[in-house]
There are 2 protein chains.
Amino acid sequence: MKQDNILEIFSDLGIRATTPRILIYEYIKLQSDTFSLGDIENALPDTDKSTIFRTLILFEEHHLIHSMEDGSGAMKYCLCRNQGECEEEEFHCHFYCEKCKKTYCLDNQASTNITLPKGFIMNHINFIIKGICDKCSHKTDI
Amino acid sequence: MKQDNILEIFSDLGIRATTPRILIYEYIKLQSDTFSLGDIENALPDTDKSTIFRTLILFEEHHLIHSMEDGSGAMKYCLCRNQGECEEEEFHCHFYCEKCKKTYCLDNQASTNITLPKGFIMNHINFIIKGICDKCSHKTDI
DNA sequence: TTTCTTTTGCAACCAGGTTGCAGAAGCGTA
DNA sequence: TACGCTTCTGCAACCTGGTTGCAAAAGAAA
Ligand SMILES: [Mn+2]
Ligand SMILES: [Mn+2]
Ligand SMILES: [Zn+2]
Ligand SMILES: [Zn+2]
């Protein structure tokens, strides 16, 4: 595991390696932070939106990517750093910059200590911190 | 402050007390957890969606309510327990039940310890825990 | 090749949110 | 009470992102 070859990653997971899937995965691998379906649409104008949509669902089912709601209106995704072998604890937090609209993965910068009320069962976490990112906070405003 | 009379709450904040605003605020006061624009639409079929929409914006600007994205597709709102005087620290967490689709306010059940990377400035938090609520977890499945 | 299964592209649809605008309502003043 | 100005409402239209049904294309198997 921890493959680098796309074809092997797909075949390990039993995913058929089609042209759109390879293009989409190649795009995803280049992203250091999060991306949306619309970002992929722009990057791959010859691939249909619905194909991208279904591919993202497929990738998420196989834990190749994670998804999150950052309040921007569009679902955001990020590459799973553990290629389908992420553990339950990988509930990492994200930062949404209200100025440049970029969403960053914060891997270990935020710790949470959760005690749920009796009877509540946690499956996922969607933890978004909103504010101004480092690049935008350095700029002088006006 | 900590008023109970709707008309006084509005006049304290300089909000004109119109019929739709009173109806909407009365609805909101009855809710123990979160609600959406669509919930209000259903409860008040004679009030237009855009009026409800603009009223929610107004209420949030005056900190009468908080809003959050719970991933359900619809923005959720909850009554501010401090009537417009909530402090920055009131970043409470919410729980979304994936079975009954209800979103609960978790006031003190989850603590977070956040250390952002250098240069990042936090303004808000959108912290949603997803899973199964107590009512739904007690039910025998099938 | 033929046949069967999976995947794709297109077009249409949907939900929730958002906007421009004309008329209604509210309010201060005469 | 009537007038003039400002704010608010309802309606209809629009927008964006997401979702679906379906026929054609591509892939795998025989
Ligand atoms: Mn992961
Ligand atoms: Mn509050
Ligand atoms: Zn930024
Ligand atoms: Zn539930």
Side-chain angles (χ1 to χ4, degrees), chain A residues 6-7 9-11 13-27 34-62 64-78 96 101-103 126 128, chain B residues 6-7 9-11 13-27 34-62 64-78 96 101-103 126 128:
Chain A
I6 295 181
L7 300 184
I9 293 172
F10 285 178
S11 88
L13 295 170
I15 294 177
R16 206 182 274 183
T18 65
T19 307
R21 288 173 182 173
I22 293 171
L23 289 172
I24 293 169
Y25 195 78
E26 277 172 348
Y27 170 84
T34 66
F35 54 86
S36 66
L37 190 157
D39 293 334
I40 303 180
E41 240 184 314
N42 294 333
L44 306 175
D46 294 336
T47 307
D48 189 76
K49 182 164 70 149
S50 65
T51 302
I52 301 171
F53 174 69
R54 290 184 273 230
T55 301
L56 289 171
I57 291 176
L58 179 78
F59 285 177
E60 187 165 25
E61 281 170 356
H62 288 276
L64 290 174
I65 57 175
H66 299 284
S67 66
M68 81 222 65
E69 278 280 344
D70 66 1
S72 68
M75 181 72 78
K76 294 294 173 62
Y77 302 87
C78 65
Y96 175 71
K101 318 296 185 201
K102 192 172 157 173
T103 298
N126 192 73
I128 309 284
Chain B
I6 296 181
L7 299 185
I9 292 172
F10 285 178
S11 86
L13 294 171
I15 293 176
R16 205 181 274 184
T18 65
T19 307
R21 288 174 182 171
I22 294 171
L23 290 173
I24 293 169
Y25 195 77
E26 278 172 346
Y27 170 84
T34 67
F35 54 87
S36 65
L37 191 158
D39 293 334
I40 303 179
E41 240 185 314
N42 293 334
L44 306 176
D46 293 337
T47 306
D48 189 74
K49 182 165 69 148
S50 64
T51 301
I52 301 170
F53 174 68
R54 291 185 272 230
T55 301
L56 289 172
I57 291 175
L58 180 78
F59 285 178
E60 186 165 24
E61 281 170 357
H62 288 275
L64 290 174
I65 57 175
H66 299 283
S67 67
M68 80 222 65
E69 278 280 344
D70 65 1
S72 69
M75 181 71 78
K76 294 294 173 62
Y77 303 88
C78 66
Y96 176 72
K101 317 298 184 199
K102 193 172 156 175
T103 298
N126 193 73
I128 308 286

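Residue numbers start from 1 in every chain, and the chains themselves are labelled A, B, ... in the order their sequence lines are given, proteins ahead of strands.
- Checked by atom type and distance alone, the side chain of B:N126 never pairs as donor or acceptor with a backbone atom of A:I128 at under 3.5 Å.
- Residues A:S36 and A:D39 come closest through the heavy atom pair N-OD2, 2.8 Å.
- Atom CZ in B:F53 sits roughly 14 Å away from atom C1' in C:dG20 (whole-Å rounding).
- Between A:R21 atom CZ and D:dA25 atom P the separation is 19 Å, expressed in whole Å.
- Residues A:F35 and A:N42 have side chains not in contact (no heavy-atom distance under 4.5 Å, counting atoms from C-beta outward).
- Atom CD of A:E61 and atom P of C:dT7 are 11 Å apart (whole Å).
- In this structure, the CD atom of A:E69 is 14 Å from the C1' atom of C:dG17, given to the nearest Å.
- A:K102 is linked by a side chain to side chain contact (heavy atoms under 4.5 Å, CB included) to A:D33, A:C100, A:Y104, counting only residues two or more places apart in sequence or in another chain.
- The CD1 atom of A:I22 sits 13 Å away from the C1' atom of D:dA26 (whole-angstrom rounding).
- By the 4.5 Å heavy-atom criterion applied to side chains, B:L23 and B:I40 are not counted as neighbours.
- In this structure, the side chains of A:T47 and A:T55 stay at 4.5 Å or more apart for every pair of heavy atoms.
- A straight line from CE of B:M75 to P of C:dG16 spans 13 Å, rounded to a whole angstrom.
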What does the B/S/- profile of nucleotides 10-16 of chain D look like, 5' to 3', with a 4.0 Å heavy-atom cutoff to protein?
BB-----
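- At whole-Å resolution of the value, CZ in B:F10 and P in D:dT7 are 18 Å apart.
- You'll find the side chain of A:M75 stays beyond 4.5 Å of the side chain of A:L37, heavy atoms only.
- A sub-4.0 Å separation between OP1 or OP2 of C:dT8 and a side-chain N or O of A:T19 is absent.
- As a whole-Å value, the separation of B:L23 CG from D:dT9 P is 11 Å.
- DNA chain C is contacted by no residue of residues 34-45 of chain A, taking any non-hydrogen atom closer than 4.0 Å.
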Could you walk me through whether B:F59 and B:Y77 satisfy the ring-ring contact (aromatic ring centres under 6.0 Å, His included) test, starting with their C-alpha distance in whole Å, then the side-chain angles of each, then the deciding distance to 0.1 Å, before giving a yes or no?
CA-CA 10 Å; B:F59 285 178; B:Y77 303 88; 9.9 Å; no
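- Where the helix from C:dT1-D:dA30 to C:dA30-D:dT1 starts and where it ends, the local axes point in directions that differ by 20°; five pairs per end, rounded to 10°.
- Every residue two or more places apart in sequence or in another chain that forms a side chain to side chain contact (heavy atoms under 4.5 Å, CB included) with A:A43 is listed here: A:Y27.
- Partners of B:D70 according to the side-chain hydrogen bond (donor to acceptor under 3.5 Å, both in side chains) rule, which considers only residues two or more places apart in sequence or in another chain, are B:S72, B:K76, B:T103.
- Judged by closest nucleotide on DNA chain C, B:G73 is the one of B:A17 and B:G73 placed further toward the 5' end.
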